[in-house]
Amino acid sequence: MKKIISLLTLLACGAIAFAQEPASSLQTEKQLADLDSVFIELYNNEEYVKASSTLDQTLEIIKATRGEADSSYINTLVLQSKCYYKARRLAKAIDTVKRAIELYGNHISKEDRSYAVLHDNLSVFQSANGENKEALENGLLALAAFERLGINDNDMAYVLSHVAEYYYNNGKHPQAITTELRALNIIRSYHGERSQEYIDELNWLKRYYESNEEQKKADDLQERIDKLTEEVEAGYIDMPDENITFETVEDCNKYTREALRCCKYLFGHYMTAPQMTQAANVITKWSISTDQVHIGLGEAEEKLAEASGFYISLYVAGCSEYALEEEKPDFSIEMYRYAYYRIIEWYAANREKDIIKENSFIEKLIKAAKKDKLNEILDKQYPTPTDEKQKIEYKF
């Protein structure tokens, strides 16, 4: 079965954060915080049955103090349904998410993205439980809502791939193919063809071709899958040519997804990977002209670059990745820390395999981290331009 749409986590995050909301008493707040800690530990240890039991206690407290219409109650139900799903208690997962859908629709909205996502989650649970007709019905409800809302992002690809599978399970093979091709178009735009996400979906498409007795297309697709798999395993992804130029903000906006892909490539590969220089050049050029990230440079970054200018590209990639994923373009201490966390992680992995030479500046940061003083050091070296002219000069 394919993944649950990532927005389930977004919906459920309130259940983890609810202890920060105003409670009816300090005692209640402490109870919720304690239960929250227990739940997180159990969930991370994959003890999903015990985790769901902990959420039962949480639900009782929220119901008594805030009522079932409160968003924290609904979010906790969503999270509990995921626990049941992971524990393969599918009937309980279905009943729980149905209750969440009922409460969400009655008290929050029947027209927004989250309501559509809940129907997608329900369809996943129903499909896993062999309820193929019902899964298709709810999957199509989610898809229609996404289309009505004009959503065409990565989560839309999840919804489409789910619906394609439900068509397949219901013997509607031509519809499965058409829907899967729509999903693949979105996945290509976000991840590129040379990505595991794209390859995984191609395997589903191959299955649908075979079921529709289109063996020639299935065989040709297998050759494509083999070629892409070989390239990905060799360390290649889809990214712009390193000689590309970004002269305007508009130019940069056309390549936002590719810029983020370059950031992730840099931090996700060893220095020996074939496209490290290309990714570094692309993200550095992109960062100069974009308005989606503003990067500060100071004396510390000069020291960082003494061994190799590549480290500045890593710094730019860290700042850019933070800005794009958090949708916070302005330079901040949080962005600064994030960039150095990523650099240190990458450096340690490469040093462990003796791929790169020692960088004395980063070694000092690693020693500080071992003493729980890394943030203290980073805060001291954080570049803080004081006027608009300096801000412009600090732009990489």
Side-chain angles (χ1 to χ4, degrees), residues 1-8 81-82 84-91 93-95 97-98 101 113 115-149 151-229 232:
M1 181 33 128
K2 299 178 183 179
K3 295 179 182 177
I4 301 175
I5 191 170
S6 59
L7 279 181
L8 177 59
S81 72
K82 184 177 181 180
Y84 286 135
Y85 173 72
K86 285 183 170 289
R88 310 313 290 170
R89 299 176 67 171
L90 299 174
I94 291 168
D95 289 342
V97 79
K98 280 183 176 179
I101 289 172
R113 179 186 189 122
Y115 189 71
V117 168
L118 285 173
H119 278 91
D120 179 78
N121 294 162
L122 173 58
S123 73
V124 171
F125 302 159
Q126 289 172 325
S127 180
N129 201 38
E131 300 176 23
N132 295 326
K133 181 181 178 182
E134 294 81 358
L136 179 57
E137 290 173 354
N138 280 294
L140 287 172
L141 278 174
L143 176 57
F146 266 61
E147 290 174 334
R148 185 179 68 253
L149 293 167
I151 299 169
N152 199 44
D153 60 12
N154 204 43
D155 288 320
M156 176 58 148
Y158 275 108
V159 173
L160 285 164
S161 66
H162 291 164
V163 171
E165 184 179 357
Y166 306 152
Y167 275 133
Y168 168 79
N169 291 339
N170 282 275
K172 299 182 178 183
H173 305 304
Q175 294 94 324
I177 293 169
T178 301
T179 308
E180 185 63 42
L181 287 170
R182 288 180 63 189
L184 280 163
N185 283 334
I186 298 174
I187 293 170
R188 183 194 298 114
S189 70
Y190 273 85
H191 303 283
E193 291 191 358
R194 290 186 289 187
S195 66
Q196 198 57 53
E197 292 85 355
Y198 190 77
I199 292 170
D200 287 344
E201 288 303 318
L202 286 181
N203 278 293
W204 285 90
L205 179 60
K206 175 176 175 285
R207 180 186 298 186
Y208 302 154
Y209 278 141
E210 290 171 339
S211 299
N212 203 44
E213 298 182 356
E214 297 183 65
Q215 194 58 48
K216 177 66 166 60
K217 288 184 178 180
D219 292 342
D220 290 344
L221 191 57
Q222 185 60 59
E223 291 182 10
R224 178 64 175 154
I225 291 169
D226 291 342
K227 185 176 185 298
L228 289 173
T229 300
V232 169

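Keep in mind the model is a prediction, meaning the values are calculated, not measured.
Between atom NZ of residue Lys98 and atom CD1 of residue Ile94 there is a gap of 6.5 Å, rounded to the nearest 0.5 Å. Put simply, OH on Tyr84 and CG on Leu90 are 12.5 Å apart, with the number rounded to the nearest 0.5 Å. Glu165 CD to Asn132 CG: the interatomic distance, rounded to the nearest 0.5 Å, is 9.0 Å. Taking CG of Leu228 as the reference point, atom CZ of Arg194 lies at 8.0 Å (rounded to 0.5 Å). Distance check, rounded to the nearest 0.5 Å: CG of Asn203 to OH of Tyr198 gives 12.0 Å. Taking CD from Glu180 and OG from Ser161, the interatomic distance works out to 6.0 Å, rounded to the nearest 0.5 Å.
Among residue pairs with one or both ends in residues 126-146, none qualify as salt bridge (Lys or Arg N to Asp or Glu O under 4.0 Å); sequence neighbours excluded.
Between the Ser127 side chain and the Val124 main chain, no donor and acceptor come within less than 3.5 Å of each other. Looking only at distances, no side-chain donor or acceptor of Thr178 sits under 3.5 Å from a matching main-chain atom of Gln175. Between the side chain of Thr179 and the main chain of Ala176, no donor-acceptor pair closer than 3.5 Å is present. A donor-acceptor pair under 3.5 Å is absent between the side-chain atoms of Asn129 and the main chain of Phe125, judged by distance alone.
Side-chain contact check for Arg182 versus Met156: some heavy-atom pair is nearer than 4.5 Å. Annotation: side chain of Ser195 is not in contact with side chain of Val232 (no heavy-atom distance under 4.5 Å). Side-chain contact between Lys172 and Leu136 is present, with heavy atoms from C-beta onward closer than 4.5 Å.
Remark: aromatic rings of Tyr168 and His173 are close, center separation under 6.0 Å.
Under the rule for a side-chain contact (heavy atoms from CB on, under 4.5 Å), the partners of Thr229 that lie at least two apart in sequence or sit in another chain are Ile199, Ile225, Glu233.
Comment: Lys227 does not engage Glu193 in a salt bridge, judged by the lack of any side-chain N to carboxylate O separation of less than 4.0 angstrom. A salt bridge links Asp153 with Arg113; the closest basic N to acidic carboxylate O contact falls under 4.0 Å.
Of all heavy-atom pairs spanning Leu202 and Leu221, the tightest one is O-CD2, 3.4 Å. Closest of all the heavy-atom pairs between His191 and Asn154 is NE2-OD1, 3.3 Å. Closest heavy-atom contact between Ala183 and Ala157: CB-O, 3.7 Å. Summarising the geometry of Ala116 relative to Ala142, their closest heavy-atom pair is O-CB, 3.4 Å, with the distance given to 0.1 Å. Residues Ala164 and Tyr208 come closest through the heavy atom pair C-OH, 3.7 Å.
Ring geometry for His119 versus Tyr115: interplanar angle over 60°, hence perpendicular rather than tilted (30 to 60°).
Cation-pi geometry between Arg88 and Tyr85 is met: the NZ or CZ atom falls under 6.0 Å from the ring centre, inside 45° of the normal.
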Verdict with reasoning, Glu214 to Ile177, per side-chain contact (heavy atoms from CB on, under 4.5 Å): CA-CA 11 Å; Glu214 297 183 65; Ile177 293 169; 3.4 Å; yes

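Considering Val159, Asp155, Asn138, Val163 in turn, Val159 is the only one that fulfils the side-chain contact (heavy atoms from CB on, under 4.5 Å) rule with Asp120. If you run side chain to side chain donor-acceptor pair (under 3.5 Å) between Gln222 and each of Asp220, Asp226, Asp219, only Asp226 comes through.
More than 12 heavy atoms of other residues, nucleotides or ligands sit less than 6.0 Å from atom CD of Gln215.
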